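This structure is a prediction, so every number in the text was calculated from the model and none was measured. Numbers for residues simply follow the sequence, beginning at 1.
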Amino acid sequence: MSAVLVRNLIFQANDLGKQSDLLLIFNGQAVPGVSNPVVWRVSPFGDVGVYQVKSTFSTQQFSFTKPKVSSGTIVGALASVNVNGRQQTTLTRDGGAFEFSAPVEASEMKAINDTGDKVDFTFGFKATGALLSTPLLYYSDIENKSSISLQFSPRLRAYVTSDYTEGKILRGEIQVPLLWEMDLTKLSETTTWNLKWDATTERYAITEA
(Lines give C-alpha, C1' and ligand atoms only; values in the text may rest on other atoms or scores of the structure.)
Protein backbone atom coordinates (compact mmCIF):
# COMPACT_ATOMS: atom_id res chain seq x y z
CA MET A 1 0.00 0.00 0.00
CA SER A 2 1.31 3.49 -0.84
CA ALA A 3 2.05 6.07 1.83
CA VAL A 4 -0.96 7.72 3.46
CA LEU A 5 -1.72 11.21 2.19
CA VAL A 6 -3.17 13.69 4.71
CA ARG A 7 -4.02 17.26 3.73
CA ASN A 8 -5.39 19.85 6.14
CA LEU A 9 -6.85 22.78 4.22
CA ILE A 10 -7.64 25.96 6.15
CA PHE A 11 -9.68 28.63 4.38
CA GLN A 12 -10.09 32.00 6.08
CA ALA A 13 -11.44 35.49 5.49
CA ASN A 14 -11.33 38.78 7.37
CA ASP A 15 -14.09 41.32 6.66
CA LEU A 16 -14.81 39.64 3.35
CA GLY A 17 -17.37 42.27 2.40
CA LYS A 18 -20.01 39.90 1.08
CA GLN A 19 -21.92 36.94 2.49
CA SER A 20 -20.49 33.95 0.60
CA ASP A 21 -20.57 30.15 0.55
CA LEU A 22 -17.32 28.37 -0.34
CA LEU A 23 -17.88 25.04 -2.10
CA LEU A 24 -15.20 22.33 -2.34
CA ILE A 25 -15.49 19.38 -4.72
CA PHE A 26 -13.06 16.78 -6.05
CA ASN A 27 -12.62 16.22 -9.79
CA GLY A 28 -15.43 18.69 -10.32
CA GLN A 29 -16.74 17.61 -13.72
CA ALA A 30 -19.33 14.94 -14.40
CA VAL A 31 -18.26 12.18 -16.81
CA PRO A 32 -21.44 11.13 -18.66
CA GLY A 33 -22.10 7.42 -18.29
CA VAL A 34 -19.20 7.01 -15.88
CA SER A 35 -19.32 9.04 -12.66
CA ASN A 36 -20.57 12.21 -11.02
CA PRO A 37 -18.67 14.24 -8.43
CA VAL A 38 -20.29 14.78 -5.04
CA VAL A 39 -20.07 18.12 -3.21
CA TRP A 40 -17.61 17.69 -0.34
CA ARG A 41 -17.84 20.91 1.69
CA VAL A 42 -20.01 24.04 1.71
CA SER A 43 -18.81 26.63 4.24
CA PRO A 44 -20.49 30.00 4.91
CA PHE A 45 -18.41 33.16 5.28
CA GLY A 46 -19.98 36.33 6.64
CA ASP A 47 -19.43 39.79 5.19
CA VAL A 48 -17.93 41.20 8.43
CA GLY A 49 -15.54 39.62 10.90
CA VAL A 50 -13.06 36.75 10.89
CA TYR A 51 -14.10 33.35 9.51
CA GLN A 52 -12.00 30.21 9.28
CA VAL A 53 -12.86 26.62 8.31
CA LYS A 54 -10.67 23.53 8.23
CA SER A 55 -11.24 20.52 5.99
CA THR A 56 -9.11 17.37 6.14
CA PHE A 57 -8.67 14.84 3.34
CA SER A 58 -6.92 11.52 3.94
CA THR A 59 -6.16 8.42 1.90
CA GLN A 60 -5.82 6.32 5.05
CA GLN A 61 -9.18 4.66 4.45
CA PHE A 62 -11.22 4.52 1.25
CA SER A 63 -14.66 2.92 0.95
CA PHE A 64 -17.39 1.82 -1.43
CA THR A 65 -20.99 2.46 -0.39
CA LYS A 66 -24.50 1.61 -1.56
CA PRO A 67 -25.90 5.08 -0.95
CA LYS A 68 -29.27 6.33 0.17
CA VAL A 69 -30.22 9.21 -2.14
CA SER A 70 -32.99 11.77 -1.69
CA SER A 71 -33.70 14.54 -4.22
CA GLY A 72 -30.26 14.19 -5.76
CA THR A 73 -28.41 14.36 -2.45
CA ILE A 74 -26.65 11.51 -0.65
CA VAL A 75 -28.21 11.33 2.81
CA GLY A 76 -26.99 7.98 4.14
CA ALA A 77 -25.75 4.48 3.41
CA LEU A 78 -27.56 1.18 2.90
CA ALA A 79 -24.26 -0.75 3.00
CA SER A 80 -20.59 0.17 3.10
CA VAL A 81 -17.16 -1.49 3.10
CA ASN A 82 -13.63 -0.24 3.65
CA VAL A 83 -11.06 -0.85 0.91
CA ASN A 84 -7.36 -0.15 0.72
CA GLY A 85 -5.28 0.21 -2.41
CA ARG A 86 -5.77 -2.62 -4.88
CA GLN A 87 -8.76 -4.44 -3.41
CA GLN A 88 -12.15 -5.46 -4.76
CA THR A 89 -15.49 -6.18 -3.13
CA THR A 90 -18.85 -7.55 -4.31
CA LEU A 91 -22.27 -6.14 -3.45
CA THR A 92 -25.08 -8.69 -2.98
CA ARG A 93 -28.68 -8.46 -1.84
CA ASP A 94 -30.56 -10.87 0.39
CA GLY A 95 -34.20 -9.86 0.55
CA GLY A 96 -34.17 -6.14 1.21
CA ALA A 97 -30.68 -5.97 2.71
CA PHE A 98 -27.53 -5.06 0.78
CA GLU A 99 -24.13 -6.39 1.83
CA PHE A 100 -20.57 -5.99 0.59
CA SER A 101 -18.19 -8.94 0.70
CA ALA A 102 -14.90 -8.77 2.57
CA PRO A 103 -12.34 -7.11 0.27
CA VAL A 104 -9.78 -9.30 -1.49
CA GLU A 105 -6.58 -8.36 -3.28
CA ALA A 106 -7.02 -7.36 -6.94
CA SER A 107 -5.25 -5.54 -9.73
CA GLU A 108 -7.18 -2.33 -8.99
CA MET A 109 -9.73 -0.84 -6.61
CA LYS A 110 -13.07 -2.29 -7.72
CA ALA A 111 -16.71 -2.80 -6.66
CA ILE A 112 -18.78 -5.51 -8.38
CA ASN A 113 -22.57 -5.59 -8.61
CA ASP A 114 -24.01 -9.07 -7.95
CA THR A 115 -27.44 -8.03 -6.67
CA GLY A 116 -29.43 -9.19 -9.68
CA ASP A 117 -30.45 -5.65 -10.62
CA LYS A 118 -29.03 -2.22 -11.43
CA VAL A 119 -27.52 -0.37 -8.47
CA ASP A 120 -25.68 2.82 -7.66
CA PHE A 121 -22.38 3.11 -5.79
CA THR A 122 -20.37 5.85 -4.18
CA PHE A 123 -16.64 5.98 -3.65
CA GLY A 124 -15.28 8.01 -0.77
CA PHE A 125 -12.91 8.29 2.15
CA LYS A 126 -13.43 7.79 5.85
CA ALA A 127 -12.14 10.29 8.37
CA THR A 128 -10.52 9.01 11.56
CA GLY A 129 -13.24 7.90 13.99
CA ALA A 130 -16.08 8.44 11.50
CA LEU A 131 -18.85 5.86 11.24
CA LEU A 132 -19.74 6.69 7.63
CA SER A 133 -17.49 7.63 4.74
CA THR A 134 -17.53 10.95 2.94
CA PRO A 135 -18.75 10.38 -0.65
CA LEU A 136 -16.60 11.84 -3.42
CA LEU A 137 -17.84 10.13 -6.60
CA TYR A 138 -21.27 8.72 -7.50
CA TYR A 139 -21.87 5.91 -10.02
CA SER A 140 -25.44 5.27 -11.19
CA ASP A 141 -27.22 2.43 -12.99
CA ILE A 142 -24.43 -0.14 -12.70
CA GLU A 143 -25.72 -3.28 -14.41
CA ASN A 144 -25.81 -6.65 -12.67
CA LYS A 145 -22.47 -8.51 -13.01
CA SER A 146 -20.79 -5.21 -13.96
CA SER A 147 -18.27 -3.30 -11.89
CA ILE A 148 -16.66 0.06 -11.29
CA SER A 149 -12.91 0.49 -10.90
CA LEU A 150 -10.79 3.53 -10.34
CA GLN A 151 -7.52 5.12 -9.38
CA PHE A 152 -8.49 8.24 -7.47
CA SER A 153 -6.55 11.46 -8.07
CA PRO A 154 -7.18 14.05 -5.32
CA ARG A 155 -7.63 17.17 -7.43
CA LEU A 156 -9.72 19.68 -5.50
CA ARG A 157 -11.74 22.59 -6.88
CA ALA A 158 -13.25 25.59 -5.12
CA TYR A 159 -16.21 27.75 -6.12
CA VAL A 160 -18.29 30.43 -4.43
CA THR A 161 -21.97 29.53 -4.80
CA SER A 162 -25.04 29.01 -2.62
CA ASP A 163 -26.75 26.68 -5.11
CA TYR A 164 -25.52 23.39 -3.62
CA THR A 165 -25.41 21.53 -0.32
CA GLU A 166 -22.95 18.97 0.99
CA GLY A 167 -23.61 15.53 -0.48
CA LYS A 168 -25.26 16.92 -3.63
CA ILE A 169 -24.59 14.83 -6.74
CA LEU A 170 -23.26 17.07 -9.50
CA ARG A 171 -25.11 16.31 -12.75
CA GLY A 172 -23.61 19.08 -14.87
CA GLU A 173 -21.24 22.03 -14.83
CA ILE A 174 -21.27 24.37 -11.83
CA GLN A 175 -22.65 27.62 -13.23
CA VAL A 176 -20.15 29.99 -11.62
CA PRO A 177 -16.47 30.57 -12.44
CA LEU A 178 -13.89 28.12 -11.11
CA LEU A 179 -12.08 30.00 -8.34
CA TRP A 180 -9.25 27.66 -7.34
CA GLU A 181 -7.95 24.22 -8.33
CA MET A 182 -5.17 22.19 -6.74
CA ASP A 183 -3.60 18.75 -6.91
CA LEU A 184 -3.42 17.89 -3.22
CA THR A 185 -0.37 15.70 -3.72
CA LYS A 186 1.57 18.89 -4.50
CA LEU A 187 0.74 20.59 -1.18
CA SER A 188 2.24 20.38 2.29
CA GLU A 189 0.28 18.52 4.95
CA THR A 190 -1.27 21.75 6.27
CA THR A 191 -1.86 24.89 4.21
CA THR A 192 -3.81 28.08 4.84
CA TRP A 193 -5.65 30.03 2.14
CA ASN A 194 -7.18 33.52 2.15
CA LEU A 195 -10.56 34.10 0.53
CA LYS A 196 -11.03 37.67 -0.72
CA TRP A 197 -13.74 39.65 -2.50
CA ASP A 198 -12.98 42.71 -4.61
CA ALA A 199 -16.04 44.96 -4.61
CA THR A 200 -14.67 47.00 -7.53
CA THR A 201 -14.19 44.10 -9.95
CA GLU A 202 -16.84 41.93 -8.23
CA ARG A 203 -14.48 38.99 -8.27
CA TYR A 204 -13.30 36.49 -5.66
CA ALA A 205 -9.74 35.24 -5.21
CA ILE A 206 -8.04 32.56 -3.13
CA THR A 207 -4.37 33.05 -2.30
CA GLU A 208 -2.04 31.16 0.00
CA ALA A 209 -1.53 32.85 3.37
Side-chain angles (χ1 to χ4, degrees), residues 1-2 4-7 23-43 55-156 163-172 184:
M1 183 179 174
S2 59
V4 173
L5 179 78
V6 177
R7 294 294 182 264
L23 179 150
L24 301 178
I25 190 167
F26 283 94
N27 302 352
Q29 290 184 320
V31 182
V34 180
S35 65
N36 299 83
V38 179
V39 175
W40 179 32
R41 290 281 184 268
V42 177
S43 303
S55 297
T56 298
F57 170 78
S58 172
T59 62
Q60 182 175 6
Q61 187 65 77
F62 288 123
S63 69
F64 286 114
T65 298
K66 172 65 180 79
K68 182 178 181 181
V69 180
S70 176
S71 300
T73 299
I74 297 169
V75 296
L78 301 177
S80 187
V81 65
N82 296 332
V83 290
N84 289 310
R86 295 179 176 179
Q87 290 185 328
Q88 72 178 38
T89 180
T90 300
L91 180 68
T92 57
R93 186 173 189 175
D94 183 6
F98 291 96
E99 184 177 1
F100 282 99
S101 65
V104 295
E105 295 305 310
S107 60
E108 56 191 345
M109 199 153 37
K110 180 186 293 186
I112 302 168
N113 174 20
D114 193 22
T115 64
D117 203 351
K118 290 182 180 181
V119 297
D120 52 357
F121 289 108
T122 58
F123 168 79
F125 76 98
K126 186 175 288 186
T128 301
L131 180 62
L132 296 177
S133 65
T134 299
L136 302 178
L137 295 173
Y138 174 77
Y139 299 80
S140 63
D141 297 324
I142 305 303
E143 298 281 355
N144 187 48
K145 302 298 183 181
S146 296
S147 65
I148 60 169
S149 58
L150 71 158
Q151 293 181 334
F152 182 71
S153 175
R155 192 167 192 86
L156 186 65
D163 294 337
Y164 302 87
T165 57
E166 293 180 2
K168 188 71 174 180
I169 300 166
L170 186 63
R171 301 290 187 179
L184 298 192

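For Y164, there are no ring-ring contact (aromatic ring centres under 6.0 Å, His included) partners two or more places apart in sequence or in a different chain. In terms of the ring-ring contact (aromatic ring centres under 6.0 Å, His included) criterion, F98 has no residue partners (sequence neighbours excluded). Annotation: salt bridge (charged side-chain N to carboxylate O under 4.0 Å, His left out) contacts of D114 (sequence neighbours excluded): K145.
N113 pairs with exactly one of D120, T92, I142, T90 by the side chain to side chain contact (heavy atoms under 4.5 Å, CB included) rule, that one being I142. With T122 as reference, P67 is the one residue of S35, S140, P67 to meet the side chain to side chain contact (heavy atoms under 4.5 Å, CB included) rule. Just one of F152, F64, F57 meets the ring-ring contact (aromatic ring centres under 6.0 Å, His included) condition when paired with F125; it is F57.
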**OP:** Applying side chain to side chain contact (heavy atoms under 4.5 Å, CB included), run through W40 and L156 and close with a yes or a no.
**Re:** CA-CA 10 Å; W40 179 32; L156 186 65; 3.8 Å; yes
**OP:** List the steps, then state whether side chain to side chain contact (heavy atoms under 4.5 Å, CB included) holds for I169 with I74.
**Re:** CA-CA 7 Å; I169 300 166; I74 297 169; 4.1 Å; yes
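Note: L5 CG to Q60 CD = 11.5 Å, rounded to the nearest 0.5 Å. Annotation: the span from K118 atom NZ to D141 atom CG amounts to 5.0 Å, rounded to 0.5 Å. Taken from NZ in K168 to CD1 in I25, the straight-line distance is 11.5 Å, to the nearest 0.5 Å. Taking OH from Y139 and OG1 from T65, the interatomic distance works out to 12.5 Å, rounded to the nearest 0.5 Å. L170 CG to F26 CZ: the interatomic distance, rounded to the nearest 0.5 Å, is 14.5 Å. Going from atom CD of Q88 over to atom CE of M109 covers 12.5 Å, rounded to the nearest 0.5 Å.
Between K110 and I112 the shortest side-chain heavy-atom distance falls below 4.5 Å. Within the 4.5 Å cutoff, side-chain heavy atoms of V6 are placed close to those of T56. Between S58 and V4, the closest side-chain pair of non-hydrogen atoms falls below 4.5 Å. Side-chain contact between V81 and P103 is present, with at least one heavy-atom pair separated by less than 4.5 Å. Within the 4.5 Å cutoff, no side-chain heavy atoms of L136 are placed close to those of V38. Using a 4.5 Å heavy-atom cutoff, the side chains of D94 and E99 are not in contact.
Residues A79 and L91 approach most closely at CB-CD1, 4.4 Å, considering heavy atoms. Considering all non-hydrogen atoms of both residues, E166 and R41 come closest at OE2-CA, 3.6 Å.
Using a distance-only test at 3.5 Å, with no hydrogens or angles considered, no donor-acceptor pair links the side chain of T115 to the main chain of R93. Side-chain N or O atoms of T134 include none that pairs as donor or acceptor with a backbone N or O of G124 at under 3.5 Å.
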